[in-house]
Structure formats: structure tokens, C-alpha cells
Peer 1: 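A single structure is presented below for examination.
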Amino acid sequence: MTSMITTTAWVPRGFAAPFPSKYNFDEEEYERIAALAKLQLDDAEEDLEEAQEKEKEAKDGGKSSKKEKKAAEKDDDASDVEIDDDLKEYDLEHYDDTDEEQGEGETMGMFGNVKSMAYYASNKEDPYITLKDDGLEEEEDREDLQILATDNLLLAAKVEEDLAHLEVYVYEDGADNLYVHHDIMLPAIPLCVEWLDCAVNKAGVDKEAPANFVAIGTFDPDIEIWDLDTVDCMYPNAILGQGGNPEDEKKKKKKKKSKKANDEYHVDAVLALAANRKHRNLLASASADKTVKLWDLHTSKCAKSYSYHTDKVCSLAWHGVESTVLLSGSYDRTAAIADMRAPGEQPMRVGVESDIENVRWDPHDPNFFYVSTENGIIHYFDVRNAAKDPAASSSVWKLQAHDESVSSFDVNPVIPGFMVTGSTDKTVKLWNITATGPSLVVSRDFDVGKVFSTSFAPDSEVAFRVAVAGSKGTVNIWDTSTNAGVRKFFAQKMANIPVKEGAPEDKLVGINDEESESESDEGEEEEEDSDSDNKDSDDGSEEDGDEEMGGN
């Protein structure tokens, strides 16, 4: 089975509900899903009708073929077949007829019969369950779902063959444990994930109250918003884009779908998302349709659209201090710094040598930002030197970080000068950034395939943890504080680095840690018994490799 993880995102401690709730499929939820699902089914029907019309036009004058005529004649003959007397009582002639007394929602195809099903809040209310569990099973399920205040959530967008979903992991740092809490099914391959602390379309919750939601961008042009504190959801809380407006259905039917960029919704894949942490109801999105859009999460509508790039826009980052300034990176080989309050003005820009992969503001100095490129280079720019002509700008320094594309990188929000990069060359590297420039601390290949995501944990208690994921579909948490090179460079920058006694060098925490460790331990014991001399020579070579990778 082939699988990959395209991106990851951390959830800070304290935002997840201690006991996530189970999905409640009530009458109101049924009506909401029915409206959204009907819109999607209508879209599919329109596409099918268009395809059939084109196929008919391709034939000679729209005349039906001989096979179609024969099939029609066969259907007419079939209607004249007499039903055997023994079968008449089953009324097979009207087997496929629709009951006129059914409700309006019964023609909804896959959702058509859901409303007629009986559902109960608990097994106690179900009359068909005679053996009651006295609440023990419910209590066990509740304990299994519990998330502690010291736990972090890690969101991983995963693709397994034709299946796309978001896995919600719980990371227990004290117990060195990582496990899947629940997952969310997605309609297309996920490309970007952004955690939201703003409640979106959740009944009974104040819009300004802290929340735990996620926005997901895929190859589809719509953005889905899901509640992370509710498990087993059938449908997102909101859809940003053309697919989230069932009330515009009639208007949309009159007008054929257009792939041309517009001011209301994206028409191509969503490549990047960025939540504004100060104006919590604002979400920025970037798309392959060359536009950047600003969404109001309170209304689920596009507030403004920007078209200052000439190619796909692939990365976004809000400024940490000036909360209305947005940094964007594009395949047009420029990074733009735009004030969202002035949509008519041309933004300031910087230029690079190849397509941009990612952009980041320096969390420790708001005057600087980073840009990574397809050629494996990282640029460090001073925003004060940016100009409207990108050719007039120059970087403070640039680093050939990898031989291939820098597919992901992150700057530690807690520890100054601590940067991690990941590449399609399958390596993960840690860097020390000083006033004179960057220096390599350590390089590792964690066997995750091509590295698509490297991200630091957001809380000070786990500041040295890095999530690493890639084309093999596995995610690992790297405790970088267990690396001697990291301790050497960053011990003075953060006092009391928490290092567990007896922790192995470059400690990793993953889903199958216990199994893999036991298997490796057995293999080492067999190797010791069979050939201790070879083992000694192998140990020497490993130490040399560690010294080489741990240096500057």
C-alpha cells in the first residue's frame, strides 16, 4: 500500500477539549447536510448532462445508433412481459416506483434513507438492545478519548492510495507516546492544513470564545472547516467557496461553472492557508488560480480577493506585529509583502532565482523573513530593503541548504536562531542562525522518504520537538535535545533543557516505536552472539559519522 503525508500542523496545549464529544446527527444536522449534499449531487448531474450532450453532438446529426434503437425496443418489449401469478402478490411492476408520501429529503440518493433510520443517544434508549452495559462501555470510550492539558495534538494530512484523510494524533511528551485519536475523511488530496482558534458555525458557542478547529485545502477549490473537538463527523462545519453556498443553487444553475479567477471563491487547488492570530476571524488562502483571498470565518464568505501574483501562489505568512501585513510566495519567483487594508496598492516585493516553496517571518525579529526555493536555497531578507521592483532587492544572506528542493522548513518560535529544513533529498537538517549567518548543526535521514513536512512544536515545554513526515506516510517526533550538537549550540539560549536520563541519541517517537525497538533489540542481541568483532568495527564507523554530521 502506497501512502504519504503531505503536511502537518501542531495544536498548542490547552485548546483541545478534555473530552471530545461524539457527533450528534439530529434533525437540524440532517437538513444542513442534505442541502450541501444536494448541491454537490446537482453539480454532478449537470456535469453528466453536459458530457452526454457533447457525446450526442459528436454523433452524426445527433441520430441515435442502431444499438441504442435496439436497446429501446428491448425495453418496450420488456414492459409487455407478463408476470407469473405466484409473483403478482409482490407487486414487482412497481418495485422501483417512488412513494409520493415520502418527505422532501428522501430523493437525496446516498442520504435519502438516513432520515428514516432510528438513532439513539445511548444504548439505554435503544429498545432492540436488551443487554444493557450499565454505562461501563460509555465510560471506557470517554476515557479513551480524553486529552490532557499536557498533551499536544498533531494534525497530519495523509493519502493512502485513493483515500485521503486528516489524522489527528495525540502526543504525550511525558510518556513518549504518539497515537491516532481520530481521523477526518477528505474529498481530495490535502495540500495544506491550518489550525484555527476561532469557532466556525458551531451552535451554542460564542464566536469570540477560544476554539479548536482546522481549515483544510485540497486539490479541490473549496476549503473545508472541521471541529477537532467532535469525533466521527459526517460533514464539515463550513465550506469556504462555491461548494458552501446551497442558497445560491438556482442562481448557479443558470450560469455555467467558470474556471476564470473571480472575487468570490477559488477556481483551482488551494495551496496555502494562514490564520490571523490577532484578528481571529480572518483566514488567508492562496491558490493555483494565482489569487490570494481573505475569508471572514464568522460569515464563511470571501471578504476580499487579491491578484498581484502572475503564477501559482504557494505559501502565506501573517506578520507577527503588523497584523494586517501578509507575506506571500509564488511560482512567479517573487515574495510579496502586502497590506490587506490597501488592496489597490502594488505590494513590495523581493525576487529569487527559482520557484518559491515556503515563506516565514522571523519570529524573533519582525524586520526579517525567510524564503525557501525549489533549488534548495534559503534566502534571508530585510523587509525594509524590499521594493516594488523585485529585481532591485537583495538578500542579507542565502544558504544552499540542500541539493534538491527545500520542501519544508520552520523557525523555532521559542529558541532564537534555531531552524529546521526538510528536502526531497530525504534529509532533515538543523541550523544555528547567528548575526554572521547560518551554520549546520546536524543532518539526518529518518527514513520517512522525501521530506514534505518539518515543524517545531509551539509550546515552550516541547520547544525542542520537531514533527517530521514525508512520502512514506509515517510521522515521527524528533526530540532534538537528545542530540549532542543541539545541546552544544542552544544550551546557552534556553536554560534547563529537559533531557531524559538514558534517552538515546536523536530520540524518535512514532506510532510503532515499541515494536520497532523490540525488533531492533532482538537483532542486536543476535548480532552480539554471532559476531562481536564486526559489531565493534561498526560502532566505530557510526561514531565517526555522528561527529561529522554534528559539526558546523
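As a basis for the values below, the full set of heavy atoms in this structure was taken, side chains included, without hydrogen atoms, waters or symmetry mates. Numbers here simply count residues along the sequence, with the first being 1.
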Peer 1: Hey, are R277 and E194 close enough for a salt bridge, meaning a charged N less than 4.0 Å from a carboxylate O?
Peer 2: yes
Peer 1: Is there a donor-acceptor pair closer than 3.5 Å between any side-chain N or O of H279 and the backbone N or O of N281?
Peer 2: no
Peer 1: Among S305, S287, S307, whose side-chain contact (heavy atoms from CB on, under 4.5 Å) with K293 holds?
Peer 2: S305
Peer 1: Heavy-atom distance under 4.5 Å between the side chains of F15 and P210, does that happen here?
Peer 2: yes
Peer 1: S3 and E160: which non-hydrogen atoms are nearest, and at how many Å?
Peer 2: CB-CG, 3.5 Å
Peer 1: Can you establish whether the number of heavy atoms outside K202 located under 6.0 Å from its atom NZ is more than 12?
Peer 2: yes
Peer 1: Using 0.5 Å steps for rounding, measure from the CG atom of D220 to the CD1 atom of I189.
Peer 2: 10.0 Å
Peer 1: Does any non-hydrogen side-chain atom of I5 lie less than 4.5 Å from one of S453?
Peer 2: no
Peer 1: In the structure I gave you, are the side-chain heavy atoms of Y235 and E224 within less than 4.5 Å of one another anywhere?
Peer 2: no
Peer 1: What is the distance from atom CG of L283 to atom CG of L297, rounded to the nearest 0.5 Å?
Peer 2: 5.5 Å
Peer 1: Report the relative orientation of the aromatic rings in W478 and F446; use parallel for angles under 30°, tilted for 30 to 60°, perpendicular for over 60°.
Peer 2: perpendicular
Peer 1: I need the minimum non-hydrogen distance between T230 and H182, along with the two atoms involved.
Peer 2: O-NE2, 4.2 Å
Peer 1: Verify whether one side chain among N237 and D227 offers a donor that lies under 3.5 Å from an acceptor in the other.
Peer 2: no
Peer 1: Checking the side chain of D459 only, and the main-chain atoms of E461 only, is there a donor and an acceptor separated by less than 3.5 Å?
Peer 2: no
Peer 1: Hey, is the main chain of T310 close enough, under 3.5 Å, to the side chain of D332 for a donor-acceptor pair?
Peer 2: yes
Peer 1: Closest heavy-atom contact between V350 and A386?
Peer 2: CG1-CB, 4.0 Å
Peer 1: Whether the side chain of D289 engages the backbone of T291 through a donor-acceptor N/O pair (distance < 3.5 Å, no angle test) should be reported.
Peer 2: yes
Peer 1: Out of curiosity, N358 CG to S372 OG, how far, rounded to the nearest 0.5 Å?
Peer 2: 4.0 Å
Peer 1: Would you call R349 and Y308 a side-chain contact if the rule is heavy atoms closer than 4.5 Å?
Peer 2: yes
Peer 1: Side chain to side chain donor-acceptor pair (under 3.5 Å) for T454 and D410? Distances and angles first, verdict last.
Peer 2: CA-CA 7 Å; T454 52; D410 198 12; over 6 Å; no
Peer 1: Restricting to non-hydrogen atoms, name the atom on P221 and the atom on H266 that form the minimum distance, rounded to 0.1 Å.
Peer 2: CB-O, 3.2 Å
Peer 1: Charged N to carboxylate O below 4.0 Å: is that the case for D176 and K507?
Peer 2: yes
Peer 1: Could you give the distance from NE2 (H298) to NZ (K207), rounded to the nearest 0.5 Å?
Peer 2: 6.0 Å
Peer 1: For the backbone of I356 and the side chain of T373, can you confirm whether one donor and one acceptor N or O come within less than 3.5 Å of each other?
Peer 2: no
Peer 1: Is a side-chain N or O of N412 found less than 3.5 angstrom from the main chain of A463, in a donor-acceptor match?
Peer 2: yes
Peer 1: Where is the tightest heavy-atom contact between I223 and S285, given as atom of each residue plus distance?
Peer 2: CD1-CB, 3.6 Å
Peer 1: For the residue pair T6 and L191, establish whether any side-chain heavy-atom pair is separated by less than 4.5 Å.
Peer 2: no
Peer 1: Under 3.5 Å, is there a donor-acceptor pair between the side chain of Y306 and the main chain of M340?
Peer 2: yes
Peer 1: How close do W361 and W318 get, counting heavy atoms only, and between which atoms?
Peer 2: CD1-O, 3.2 Å
Peer 1: Just by distance, do the side chain of T8 and the backbone of L155 share a donor-acceptor pair under 3.5 Å?
Peer 2: no
Peer 1: Could you tell me whether a side-chain N or O of T480 sits under 3.5 Å from a main-chain N or O of F464, the two making a donor and an acceptor?
Peer 2: yes
Peer 1: Just wondering, do L240 and I225 contact through their side chains at under 4.5 Å, heavy atoms?
Peer 2: yes
Peer 1: Contact between S455 and W10 at the side-chain level, heavy atoms closer than 4.5 Å - yes or no?
Peer 2: yes
Peer 1: Would you sort out whether M185 and C233 count as a side chain to side chain contact (heavy atoms under 4.5 Å, CB included), showing the intermediate values?
Peer 2: CA-CA 9 Å; M185 303 303 298; C233 286; over 6 Å; no
Peer 1: Once rounded to the nearest 0.5 Å, what's the spacing between atom CD1 of I477 and atom CG of L154?
Peer 2: 5.0 Å
Peer 1: With rounding to the nearest 0.5 angstrom, report the CD to CG distance, E172 to L178.
Peer 2: 9.0 Å
Peer 1: Taking A317's backbone N and O only, do any of them form a donor-acceptor pair with R360's side chain (distance below 3.5 Å, no angle check)?
Peer 2: no
Peer 1: Below 4.5 Å, heavy atoms only, C-beta onward: do V406 and E357 meet side chain to side chain?
Peer 2: no
